[in-house]
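Reading through the structure tokens given below for one structure.
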Amino acid sequence: MNISSREAIVEKLASTEFDVLVIGGGVTGVGAALDAATRGLKVALIEANDFACGTSSRSSKLIHGGLRYLEQYDFKLVREALKERELMVSRTAPHLVSPVSFLFPLHEGVKERGYVGAGLALYDALRGKERVLPLHKHISSRKMREVAPDLRRDILKGGILYYDAQVDDARHTMTIARTAERFGATVANQVEAVELIRDGGRVIGAKVCDRESGKEFHIKSATTVLAAGIWNSKIQEGAGINHGYDIAMSKGVHIVLPKSAISLKTGVILKTALSVLFVIPWKEFWIVGTTDTQWTGSKEQPLANREDIDYIIEQANQVLLHPLKHSDVISVYAGIRPLVAPMEASSTTKISREHVVDHPLEGLISVAGGKYTTYRIMARDAIDAAASDLLKIVPKSCTEEIVLLGADGYQASLNNVGGLAAAHNVPREVILHLLSRYGSIFEEVLESAKIDASLLERIDPNLPYLRAEIRYAVTHEKALHVSDVLMRRTRIAIEVRDRGLSAAPGVAQMMASLLGWGSAKIEQEITEYEALVEREFLAEASIGGLV
Ligand SMILES: Cc1cc2nc3c(=O)[nH]c(=O)nc-3n(C[C@H](O)[C@H](O)[C@H](O)COP(=O)(O)OP(=O)(O)OC[C@H]3O[C@@H](n4cnc5c(N)ncnc54)[C@H](O)[C@@H]3O)c2cc1C
């Protein structure tokens, strides 16, 4: 994205009359934009900051049915999520969503094995006809030594292995936004909805601010879909509109560890007193979490504190042969769950157990809650509600058939890694790395390296990201700030101990040449990134944390 093409997008936002304006570029909002665009509607999507900068880059990164909902007998929800899981792995996003195995360790031989085994048999059965992931299987104590050498054999009596899937949430969300754009949506980050515009009892768009230029303008739209997660109520209240649900904020923290810290050949799920703890394989790392505590601080930058980290380490250490130490921790991240609850007197709200679609005024729909896995369902429900306010026939949602950018031809590229490596004169690992992030369009990333071979160098010597990816993030993925590249286009911020501080100046220099930054702007970008990281470090060292 160069400056002039962004200006053209902003100009289009200001001058077009849209069918649907989506506010919020988390997974729900980008999903809604894709759903609406593929129904033939004229769509605008605005994100106040960067795509996925809210909860959608801070999840456990699992595409799953949610075993704990089985215990609550919520079979409908589990079935729905499992169907989405199979769909993403097999058709819509196989390059970004991949299977991952989890071991459910058992403390007791017969009764617990029967109970958990029955639950996992049901979990397997609920996914319906399309069955891509393997079925669960029982693991004896002896076999445990092989698959999970670091689990304590004195208290564990074997386990059960089952499958779910995982995703790089921030990349996936951004890829949905790009796919929506490909189907005609007008998409911009750093454009904030400041106020909803009303014409009597109808919402007819929003007053917005382009945060890059500071310019304010109106976006006119027949319907507006509020998909701003924990920010929904603020925007609605600003326009004096009552909403049919309340959003409570619950913080969840994860720690990232090097693979060498735990010897396991699979992920692990552990039951805790209140919920579950996941040990999730993540490239050359483990992600371990999560917590569940009330959060009343900044929505923009939720922060972990020392107690959060202590809790996670303590829970994991209950079953680990070689206890984790604080010094093992590479990084920490926190996210906020938007927990929705109905307002008592509301007649406008359609509550399902997980997400809520509210239609408080003509022309305004708000959608919140749910989970990452079911974003497509939330998006479909929100656009169904918007369609009822449009004076035209709107086709049914077809996103079940829409593959994300990079999915088409992905398997064929994967089957030919050797050939592609030879054709591009790069090692196989480079092709595999690029395929897992861009799918079949990976060659677009390598294009710039044909002219400048130094772009094949790594950003950080210990991580696989190439310098060409910084360039591509700016030219094709709408990265506008150093934090966009380090925190979301790549995941350097959670994969190195300094959270990307040493990479920041190089990233800024490279972005500067593409975005026309002078030395003052470069300095400002680096300083702002340092301040973000500094706040994380301070909070993590403190008991109680910063707000
Ligand atoms: C710790 C944790 C772990 C989780 N793990 C999982 C998991 O493993 N699997 C799973 O399925 N789900 C998981 N979830 C849930 C999942 O992450 C969320 O349900 C999902 O990301 C919510 O997406 P969203 O788009 O609704 O909200 P968000 O991602 O928060 O997006 C809202 C967006 O709106 C933007 N915005 C705000 N105000 C404005 C404005 N005025 N104008 C324009 N834009 C605005 C924000 O900047 C933000 O980008 C987890 C959640 C947490 C907190």
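Counting convention: from 1, in listed order, for ligands and their atoms alike. Start at 1 with the first residue, then count along the sequence.
In this structure, H136 has its ring center at least 6.0 angstrom away from the ring center of F104. Between H64 and F102, the distance separating the two ring centers is not shorter than 6.0 angstrom.
The aromatic rings of Y162 and Y123 lie perpendicular to each other, with more than 60° between the two planes, well past the 30° mark.
At least one N or O atom of V27 sits closer than 3.5 Å to an N or O atom of ligand 1. Where the criterion is an N or O separation shorter than 3.5 Å, residue side chain and backbone included, V191 fails it with respect to ligand 1. The N/O atoms of T28, backbone and side chain alike, include one that comes under 3.5 Å of an N/O atom in ligand 1. On a distance-only criterion, S60 and ligand 1 share at least one N/O pair closer than 3.5 Å.
Looking at heavy atoms from C-beta onward, F51 lies out of side-chain contact with R488 at the 4.5 angstrom threshold.
Within ligand 1, counting atoms from 1 as listed, the ones closer than 4.0 Å to a heavy atom of C53 are 47 (O), 49 (O). Residue G370 has at least one heavy-atom neighbour below 4.0 Å for each of these atoms of ligand 1: 19 (O). Under a 4.0 Å criterion applied to the non-hydrogen atoms of G335, ligand 1 contributes the atoms 53 (C). The distance from ligand 1 to the heavy atoms of I23 drops below 4.0 Å at these ligand atoms: 40 (C), 42 (N), 43 (C). Listed by number with element, the atoms of ligand 1 under 4.0 Å from a non-hydrogen atom of A227 are 32 (C). Annotation for ligand 1: atoms under 4.0 Å from non-hydrogen atoms of W231 are 30 (O), 37 (C), 38 (N), 46 (C), 48 (C). Interface atoms of ligand 1 facing K61, defined by a heavy-atom separation under 4.0 Å, are 8 (O). Heavy-atom proximity to T373, at under 4.0 Å, picks out these atoms of ligand 1: 10 (C), 11 (O).
Put simply, no part of K234 is less than 4.0 Å from ligand 1, judged by heavy atoms. Using a non-hydrogen distance threshold of 4.0 Å, I230 does not register as a contact of ligand 1. Residue contacts with ligand 1: E300 is excluded, as none of its non-hydrogen atoms falls under 4.0 Å.
When each of E86, E84, E80 is checked for a salt bridge (charged side-chain N to carboxylate O under 4.0 Å, His left out) with R127, only E86 meets the rule. Between L270 and the options V319, V276, L103, V288, a side-chain contact (heavy atoms from CB on, under 4.5 Å) holds for only V319.
Under a 4.0 Å N-O distance rule, the pair D292/R337 qualifies as a salt bridge. D484 has no carboxylate O lying under 4.0 Å from a charged side-chain N of K478, or vice versa, which leaves the two without a salt bridge. A salt bridge between R491 and D169 is present, with a side-chain N of the basic residue lying under 4.0 Å from a carboxylate O of the acidic one. Ion pair D384/R39 flagged as a salt bridge, since at least one NZ, NE, NH1 or NH2 atom sits closer than 4.0 Å to an Asp/Glu carboxylate oxygen. Between D50 and R489 a salt bridge is recorded (basic side-chain N to carboxylate O distance below 4.0 Å). With respect to R437 and E477, no salt bridge is recorded, no charged nitrogen being found less than 4.0 Å from a carboxylate O. Ion pair R499/E536 flagged as a salt bridge, since at least one NZ, NE, NH1 or NH2 atom sits closer than 4.0 Å to an Asp/Glu carboxylate oxygen.
At the shortest separation from atom 39 (C) of ligand 1 among protein heavy atoms lies A48 CB, 3.7 Å. The protein non-hydrogen atom at the shortest distance from atom 49 (O) of ligand 1 is E47 OE1, 2.7 Å. Looking from atom 15 (C) of ligand 1 to the surrounding protein, the closest heavy atom is Y372 N, 3.9 Å. In terms of protein heavy atoms, atom 9 (N) of ligand 1 is closest to L62 O, 2.7 Å. Closest to atom 52 (C) of ligand 1, if we only count protein heavy atoms, is R337 CG, 3.6 Å. In terms of protein heavy-atom proximity, atom 28 (P) of ligand 1 is closest to T55 N, 3.7 Å.
In summary, the side chains of E528 and Q524 do present a donor paired with an acceptor at a separation below 3.5 Å, with no hydrogens or angles considered. T266 and S101 are linked by a side-chain donor-acceptor pair at a separation below 3.5 angstrom, with hydrogens and angles left out of the test.
Residue K251 does not touch ligand 1, judged by heavy-atom distances below 4.0 Å. Heavy atoms of I235 found under 4.0 angstrom from ligand 1 belong exclusively to the side chain.
Considering G252, P302, A379 only, the shortest heavy-atom separation from atom 1 (C) of ligand 1 involves G252. Among A368, A193, A334, the residue whose heavy atom sits closest to atom 42 (N) of ligand 1 is A193. Summarising the contacts of atom 22 (C) of ligand 1 with S56, G229, S59, G26, the nearest heavy atom is found in S56. Distances from atom 32 (C) of ligand 1 to the heavy atoms of A228, G24, G54 show the closest one on A228.
A donor-acceptor pair under 3.5 Å is formed between the side chain of N232 and the backbone N or O of A228.
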